[in-house]
Protein chains: 2
Amino acid sequence: MLRRMTANRGYHHGDLRRALLAAAVEAIGESGPAALSLRDLARRAGVSHAAPAHHFGDKAGLLTALAVEGFDLLAEALGRAGDDLLEIGVAYVRFAVDHRAHFEVMFAPGLYRADDPEVAAARARAGAALRGGVAARPAGPTVEPGRDALAAWSIVHGFATLRLAGALPPGSGDNPEDGARAVIRRLFE
Amino acid sequence: MLRRMTANRGYHHGDLRRALLAAAVEAIGESGPAALSLRDLARRAGVSHAAPAHHFGDKAGLLTALAVEGFDLLAEALGRAGDDLLEIGVAYVRFAVDHRAHFEVMFAPGLYRADDPEVAAARARAGAALRGGVAARPAGPTVEPGRDALAAWSIVHGFATLRLAGALPPGSGDNPEDGARAVIRRLFE
DNA sequence: ACATTATCTTGTCGTTGGCAAGATATGCTG
DNA sequence: CAGCATATCTTGCCAACGACAAGATAATGT
């Protein structure tokens with residue numbers, strides 16, 4: 001089977017599912033998740049307007065697949081950051097900035113089926129990668145793993161969300177990694 | 001002019017603008033901001049499908065008005081919390097939970113005209129109320145107002161956002177105020 | 001080779017956002 | 001109080017969308 005992964009000009013696309021997810025990332029990057037249109041994705045992929053339905057059922061199905069992909073990418077990125085909680089936090093913010101489309105969908109549960117078992121599994125993998133850094137911290141007088149993990153998650157998630165929303169004051173958000181580092185350090189001194 | 005504020009059965013509604021904003025809060029509370037439909041709001045208010053356009057221009061205009069209202073409500077709620085930064089943070093989370101519809105729109109700039117001057121003014125009022133608590137804190141060795149305000153804002157915004165997204169582990173989010181208090185304290189001990 | 005299945009197309013329906021043109025109420029000015 | 005200007009709401013329309021049904025075409029298995 002030649003040209004299995006390449007764009008196929010004939011009746012069959014070759015890898016339409018992947019092409020549609022990539023087109024969705026592109027479209028969301030341009031206009032946000034709310035303006036996403038299945039017909040636009042079909043046009044971008046060069047197929048008919050009803051082709052996406054076969055792979056994802058409906059719009060929520062496509063966004064569900066995108067959320068699963070996002071949580072897996074996040075788990076991978078956090079895993080690559082090692083055991084240092086500071087670096088994990090920086091990686092979290094970097095993921096939000098670099099994969100804005102995935103991130104926006106992942107935390108907008110009204111847009112997809114957040115109770116889907118595949119979503120729950122991917123979300124659990126990302127959660128484990130995040131909690132790993134808290135467990136590796138040196139024990140201190142006021143350390144309480146559950147609360148510390150929640151505080152760390154909250155502060156990086158809040159920083160990332162505010163930055164994506166354009167709500168940060170102009171000066172502080174120029175370089176997301178530096179800003180994240182400063183804010184996270186504030187949590188641990 | 002009798003029944004100025006009440007629902008008017010005749011050709012004119014009486015206070016359609018307010019009724020539409022209230023209907024929007026109700027509808028967003030039921031199905032989220034993405035599923036909002038101007039025609040549905042018109043039906044809820046008992047007017048024709050094109051009536052909303054006169055007051056808000058288009059859908060983004062209505063959501064812009066809702067964001068302005070939200071930032072003003074937030075500024076008021078933070079002002080009522082006093083000067084204690086902990087209580088301001090708790091009030092921020094309580095606002096997000098009690099006014100979920102406003103909050104979700106306020107921080108989804110893709111849905112409305114975030115550069116509208118009225119939005120900018122209301123946003124500035126809320127920001128001033130938030131920074132007031134940081135300025136009132138006792139000076140310490142590692143206190144740096146700009147960074148501290150950003151850290152405090154990030155942690156309460158992140159906690160609120162994660163809670164609204166249903167991403168928090170089951171046990172920790174039962175009572176939002178208690179959870180917020182514990183997380184914010186972690187920032188200042 | 002043939003049948004079965006997966007993939008994609010065409011056609012259609014109800015809903016939505018937005019615009020244009022008209023109807024009706026309100027207010028202002030003399 | 002008469003008459004005009006304005007604000008508010010309605011009806012009618014169009015293009016785009018999501019979803020569904022039915023059919024066409026390619027790939028796979030036996």
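Fair warning: this is a prediction, and the values are worked out from it, not measured in the lab. Hydrogens, waters and symmetry mates play no part in the numbers below; they use all other heavy atoms, side chains included. Note on naming: letters A, B, ... go to the chains in the order of the sequence lines (proteins, then strands), and numbering restarts at 1 for each one.
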Could you give the CG-to-P distance, from B:Asp58 to C:dG18, as a whole number of Å?
5 Å

Between P of D:dG18 and CG of A:Leu41, the distance in whole Å
8 Å

OP1, OP2 of [N] versus side-chain N and O of [X]: anything below 4.0 Å?
X: A:His55; N: C:dC8; result: yes
X: B:Arg39; N: D:dT10; result: no
X: B:His54; N: D:dC9; result: no
X: A:Ser37; N: D:dG18; result: yes
X: A:Arg43; N: D:dA16; result: no

Would you classify [X] as touching base, sugar-phosphate or nothing, given that sugar-phosphate means primed atoms plus P, OP1 and OP2, and contacts are heavy atoms under 4.0 Å?
X: B:Ser48; answer: base
X: A:Arg17; answer: nothing
X: A:Leu36; answer: sugar-phosphate
X: B:Ala53; answer: nothing

Among C:dT9, C:dG18, C:dT10, the nucleotide that comes nearest once only the side chain of A:His49 is considered
C:dT10

Taking only the side-chain heavy atoms of A:Leu38 (C-beta and beyond), determine which of C:dT10, D:dA19, D:dT10 contains the nearest atom.
D:dA19

Is the ring pair A:Phe103/A:His157 parallel, tilted or perpendicular, if the boundaries are 30 and 60 degrees?
tilted

Under 3.5 Å donor-acceptor, B:Tyr112 side chain and B:Leu62 backbone:
no

For the pair A:Arg186 (side chain) and B:Leu187 (backbone), establish whether a donor and an acceptor sit closer than 3.5 Å, ignoring hydrogens and angles.
yes

Does the ring center of A:Phe95 lie less than 6.0 Å from the ring center of A:His99?
yes

Toward the 5' end of DNA chain C, which comes first, B:Ala60 or A:Ala51, by nearest nucleotide?
A:Ala51

